Amino acid sequence: MAQVHGELFTTRMRKATRKIHSVSDALVNAKFAISLRDEKVWGGGLYVFYHIFAYLEDAKKRLNLSDFDRLFVHKLLYRKLAFEEDLAHYLGPDWKSLPKSNALENYLEHLQNLEKENPQLLMAYIYHLYLGLLSGGQILTKKRKMFGDKSDATAGYNDKVTDFTGVDIAQLKNDFKAAMNEIAEKMTEEEKEAFIEESNQVFLMNNLIVNSVRGQNKVLCNLMYKASAVMLVVIGVVMVYKLHK
């Protein structure tokens, strides 16, 4: 496996992207945690990331490069169809006609440029996005099941995009990382540095499309309104108690 002074390339990437990765995790949690009870906002999040995952999977077919094949270590990593099923559920049958945000259009344009100029760097997006789906994506799905609106008519629906039934996710992540390290063994130091630099770009662009998802502010205002209403009731009860004490 690719190591520098005994350090795996995936470990080196994790250290180099730690700061922006932490910002990205915090942003995703902040944006979507408050939207757990809003199906449309969740669907909006799936919508922006669908286009990125779909592009990467389609690019893999177009490029037909051995390293791309090696990185997709299991057929269950292919998520395009799962995204489409979830989007039809959350956003309706006409979801494909929904407009793309400027941030999403810019993201896709960047991927198109990479495919033309340096397709190897697309693997930085594959690595971080699919690993994120196997990690943070699983956590968000569990949170939705725990804290989502149980009264919603579709509360029993199980998201397909985060469903990896039939496979050991921990082992899949290990195999995925091992494949990345094997691919990195053939890279020059200059190529590794470029890959790490692009890895930081992955998280930056992810942050931009997450910010572009509509509806979070409305959900937050609703939650604040409900919290304020509860607080007013509590204050009222306390005042009545003091007046009649």
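Please read all numbers here as calculations on a predicted model, not as lab measurements.
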Just checking, R79 and F72: is the charged tip under 6.0 Å from the six-membered ring centre and within 45° of the axis?
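No, R79 and F72 do not form such a contact.
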Got a sec, which residues hit salt bridge (Lys or Arg N to Asp or Glu O under 4.0 Å) with [X], two or more places apart in sequence or on another chain?
| X | value |
| --- | --- |
| K60 | D69 |
| E191 | none |
| K61 | none |

Over all heavy atoms of both residues, which pair between [X] and [Y] is shortest? Give the atoms and the distance, please.
| X | Y | answer |
| --- | --- | --- |
| I196 | A16 | CG2-CB, 3.4 Å |
| T17 | S199 | CG2-CB, 3.7 Å |
| F53 | L129 | CZ-O, 3.6 Å |
| P119 | L63 | CB-CD1, 3.8 Å |
| F195 | M123 | CZ-C, 3.5 Å |

Tell me, do [X] and [Y] make a side-chain contact under 4.5 Å, heavy atoms counted?
| X | Y | result |
| --- | --- | --- |
| T162 | D159 | yes |
| F203 | D25 | no |
| F68 | L122 | yes |
| L172 | L77 | yes |
| L108 | L104 | yes |
| K80 | D58 | yes |
| M187 | Q120 | yes |

Would [X] end up clustered with [Y] when hydrophobic side chains under 4.5 Å apart are linked, directly or stepwise?
| X | Y | value |
| --- | --- | --- |
| V213 | L204 | no |
| L131 | Y78 | yes |
| L81 | L46 | no |

Working to the nearest 0.5 angstrom, can you tell me the gap between [X] [atom1] and [Y] [atom2]?
| X | Y | atom1 | atom2 | result |
| --- | --- | --- | --- | --- |
| E115 | L56 | CD | CG | 9.5 Å |
| K15 | H21 | NZ | NE2 | 16.0 Å |
| L134 | K177 | CG | NZ | 10.0 Å |
| N200 | M205 | CG | CE | 13.0 Å |
| N102 | I209 | CG | CD1 | 13.0 Å |
| L71 | L65 | CG | CG | 12.0 Å |

Could you go through R70 and I183, starting from their C-alpha distance and side-chain angles, then the distance that decides it, and tell me whether this counts as side chain to side chain contact (heavy atoms under 4.5 Å, CB included)?
CA-CA 8 Å; R70 183 181 301 180; I183 291 168; 3.8 Å; yes
If we count only N and O atoms by modelled type, under 3.5 Å, do the side chains of [X] and [Y] hold a donor and an acceptor together?
| X | Y | answer |
| --- | --- | --- |
| E85 | Y90 | no |
| H128 | E198 | no |
| Q201 | Y125 | no |
| N181 | T10 | yes |

Judged by atom type as modelled, is there a donor-acceptor pair below 3.5 Å linking the side chain of [X] to the main-chain atoms of [Y]?
| X | Y | value |
| --- | --- | --- |
| D86 | V161 | yes |
| S97 | D94 | yes |
| Y47 | L98 | yes |
| S24 | I20 | no |

task: Report the C-alpha distance between R12 and E189 in whole Å, list the side-chain angles of each, state the deciding distance to 0.1 Å, and finish with yes or no for salt bridge (Lys or Arg N to Asp or Glu O under 4.0 Å).
output: CA-CA 12 Å; R12 181 179 171 186; E189 185 59 28; 2.4 Å; yes
Next on the checklist: Check K160 with E84, please: is the shortest side-chain N to carboxylate O separation under 4.0 Å?
Outcome noted: no
E109 and K100 ion-paired at < 4.0 Å
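Result for this pair is no, no salt bridge flagged.
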Exercise. Mind telling me whether Y130 and F176 have parallel, tilted or perpendicular rings, with 30° and 60° as the class edges?
Key: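 Plane angle between 30° and 60°, so tilted.
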- request: Could you give me the CA-CA distance, side-chain angles and deciding distance for Q112 and Y55, then say whether side-chain hydrogen bond (donor to acceptor under 3.5 Å, both in side chains) is met?
  value: CA-CA 9 Å; Q112 290 166 5; Y55 185 92; 5.3 Å; no
Would you say that more than 12 heavy atoms from the other residues, nucleotides or ligands in this model lie under 6.0 Å from the NZ of K186, or not?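 Above 12, so yes.
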_Whether over 12 other heavy atoms sit under 6.0 Å from E197 CD_ = no
Residue that, paired with Y107, satisfies side chain to side chain contact (heavy atoms under 4.5 Å, CB included) out of N206, L208, V48 =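 With Y107 as partner, side chain to side chain contact (heavy atoms under 4.5 Å, CB included) holds for just one option, N206.
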Mind running side chain to side chain contact (heavy atoms under 4.5 Å, CB included) on F164 and H74 for me, showing each step along the way? CA-CA 11 Å; F164 290 90; H74 196 290; over 6 Å; no
